[in-house]
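Structure, as C-alpha cells:
It should be emphasised that the depicted structure is a prediction, and the values quoted were computed from it without experimental measurement. Naming convention: chains lettered A, B, ... in sequence-line order (proteins, then strands); numbering from 1 in each chain.
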Number of protein chains: 2
Amino acid sequence: MLLALLDGKAYTANELARAAGITPQTASFHLDKMSKAGLLALLRQGRYRYFRLAGPDVARTLESILSLQHAPSPRQIVSSCPARLRAARTCFDHVAGALGVRIYRALTSRGWTTHAGAQFAVTAAAADFLGELGIPGDTLPVKSTPCLDWSEREFHFAGDFGRLLLQAMLSHRWVLGGKSRQLTLTEAGQRRLAAWEI
Amino acid sequence: MLLALLDGKAYTANELARAAGITPQTASFHLDKMSKAGLLALLRQGRYRYFRLAGPDVARTLESILSLQHAPSPRQIVSSCPARLRAARTCFDHVAGALGVRIYRALTSRGWTTHAGAQFAVTAAAADFLGELGIPGDTLPVKSTPCLDWSEREFHFAGDFGRLLLQAMLSHRWVLGGKSRQLTLTEAGQRRLAAWEI
DNA sequence: GTACAGGTTCGACGGGTATCGAAGTATGGA
DNA sequence: TCCATACTTCGATACCCGTCGAACCTGTAC
C-alpha cells in the first residue's frame, strides 16, 4: 500500500486493498495503524476516506528503503473515470480533472496561494494574475477550499476562488462548457495555462 | 542493534546483544538474517566476528527512518580497554588505538591509499609523504592490510605499510615506545599528524 | 424509505517469528 | 592439554500479528 501511495496521490482503503492483494478489512486495520503512527494523512470526503503519505519525508524514507532492496510492485490502481471527463470537467461550480490539478499545481508553486490549515487564500502576489482573469483586486482575500480530485487523486481549487476561476475561464473562452460536465481547453486557454506554469 | 551500529563502528555479536538487551543466540539469529539481506557487513578476525553497517546507504536509510519516529536508544557499549592503551599502542608491529585510527582516516581521506578488495596499497600521490617518513619511493607498491582496531572498532593500517609506518615514527621520535605495548605521541608527532590531517 | 457501496469493528484462527535453554563448534591463552 | 571465551545451531515455546468472515456503521442514489 505504501508503494502504491508513493506516487504522491491519494487512494481509498478499497483501492489500496486491491493494490496490495488483501481484503478491505485488513487494509483498514493497517491504514489505521499507519495513520496513527503519522505515516499517512487521512482526508474524509463524503463517504470516501482518502489516504496519502503524510509528507515528503515519509516518501523520502520509503525511497531510501527501496534503494536498498527492491520490493515487488503493487497491483496497478485503475481509474474508473472515462478519459474525456478525466482530462477536464466541472465539479459543481469549479474546474476538476487533470486540468484542475494542473492549475492548482501551477498557482501554488508560484506562491499565488497560501494555505492556513485546510483553508487556502489567494495572496497579494497574485494581483496581476487576478487582473488577467478580470477579478478586481479589492475582492481579496479570495478564499478557497482544496478539493481532492476524484479522478486524479490530487487537489484542485474549490470554494470562492474555484468558482471565480471557472467563471473567468469560461467568459474568456479559455475553456468551453457543454451540456455534460465535460470541459474543453481552447488554444487560447492552453497558451494562458502554459504562461502560468513557467 | 542497528541503532548501536549507527556510529559506523564494528561490534561483536555479544556486544550488540547486550546493547539490545537480548541473549547472544537471539542476536546471532538476527545478525545472520541482516547479513544475508545485505544490511550488515561481516568481518571475521580471529575468534571475533565483527558486524558493521554494510555501507553509507544503509546508514542513511536508518537515519531517515529515525527522522520519522524516534526509537529508544540502545544500551551503551562500553570498552573494556584501559584508557592509556586505547589512546595509542602497538598491535604486533604496527600502530593501533585511537592514534592508529586517526592515521588511517587522515591518509585514506587524502587519497594516499587505495583499496582493492581487502588489500590496501599506497598510491603514487603519497610520494612526498613516504619521503617524509624516510621510505624510498622505489619501495612502491607498499601493501597494507586493514586491521580492525580492537578498542576503537575502526580500521588501522597493518601489513607491510603498517610496519614501515611504526618504524619510521619511532625513528623520528614522533612516538615513543616502552616495555609495554603503550605508545606516547610526542609534540613533534602531534605537529606531523596535524599536517597530515589538513 | 430502500438499496447499495465504501468503510470499520469484532472475533477467531493460523502461521510466523522472536525468544531462550542446552548443546555444539571454533579460537586463543595458560 | 585443558579451559575459557566467542559464537552458532538446534529445538521448543510463547506470543504476536496478519488475515478474513460476519456484522455493523455511514453516507449517496433513486
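Screening residues 63-76 of chain A for salt bridge (charged side-chain N to carboxylate O under 4.0 Å, His left out) gives no qualifying pairs among residues at least two apart or on separate chains.
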Take A:Glu197 and A:Arg110 through the test salt bridge (Lys or Arg N to Asp or Glu O under 4.0 Å) and record every step on the way to the result.
CA-CA 8 Å; A:Glu197 281 175 337; A:Arg110 280 250 173 157; over 6 Å; no

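Bounding nucleotides for the chain A contact on DNA chain C, 5' to 3', at a heavy-atom distance below 4.0 Å, are C:dA5 to C:dT9.
Between A:His30 and D:dT19 there is a side-chain N or O to OP1 or OP2 distance below 4.0 Å.
Take B:Tyr11 and apply the side chain to side chain donor-acceptor pair (under 3.5 Å) test, not counting sequence neighbours, and it matches B:Asp7. Judged as a side chain to side chain donor-acceptor pair (under 3.5 Å), and not counting sequence neighbours, B:Arg18 has no contacts.
Here the P atom of nucleotide D:dT19 and the NZ atom of A:Lys33 are 11 Å apart, to the nearest Å. Rounded to a whole Å, the OH atom of B:Tyr48 is 16 Å from the P atom of D:dA4.
The aromatic ring centroids of A:Phe120 and A:His115 lie less than 6.0 Å from each other.
Of the candidates A:Phe129, A:Trp112, A:Tyr104, A:Phe129 is the only one forming a ring-ring contact (aromatic ring centres under 6.0 Å, His included) with A:Trp196.
Looking only at atom types and distance, the side chain of A:Ser64 has no donor-acceptor partner in the side chain of A:Thr61 under 3.5 Å away.
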Please tabulate, one pair per line, each protein N/O and nucleotide N/O from nucleotides 8-12 of chain D that are separated by under 3.5 Å, including the distance.
from: D:dT8; atom 1: OP1; to: B:Arg49; atom 2: NH1; distance (Å): 3.0
from: D:dT8; atom 1: OP2; to: B:Ser28; atom 2: OG; distance (Å): 2.6
from: D:dT8; atom 1: O5'; to: B:Ser28; atom 2: OG; distance (Å): 3.1

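Nearer the 5' end of DNA chain D, as judged by each residue's closest nucleotide, is the contact made by A:Thr23, out of A:Thr23 and A:Gln45.
Judged by atom type and distance alone, A:Arg47 does not reach the base of D:dT28 through any side-chain donor-acceptor pair under 3.5 Å.
Taking Ile, Leu, Val, Met, Phe, Trp and Tyr as members and joining any whose side-chain heavy atoms lie under 4.5 Å apart, directly or through other members, A:Leu176 forms no hydrophobic cluster with any other residue.
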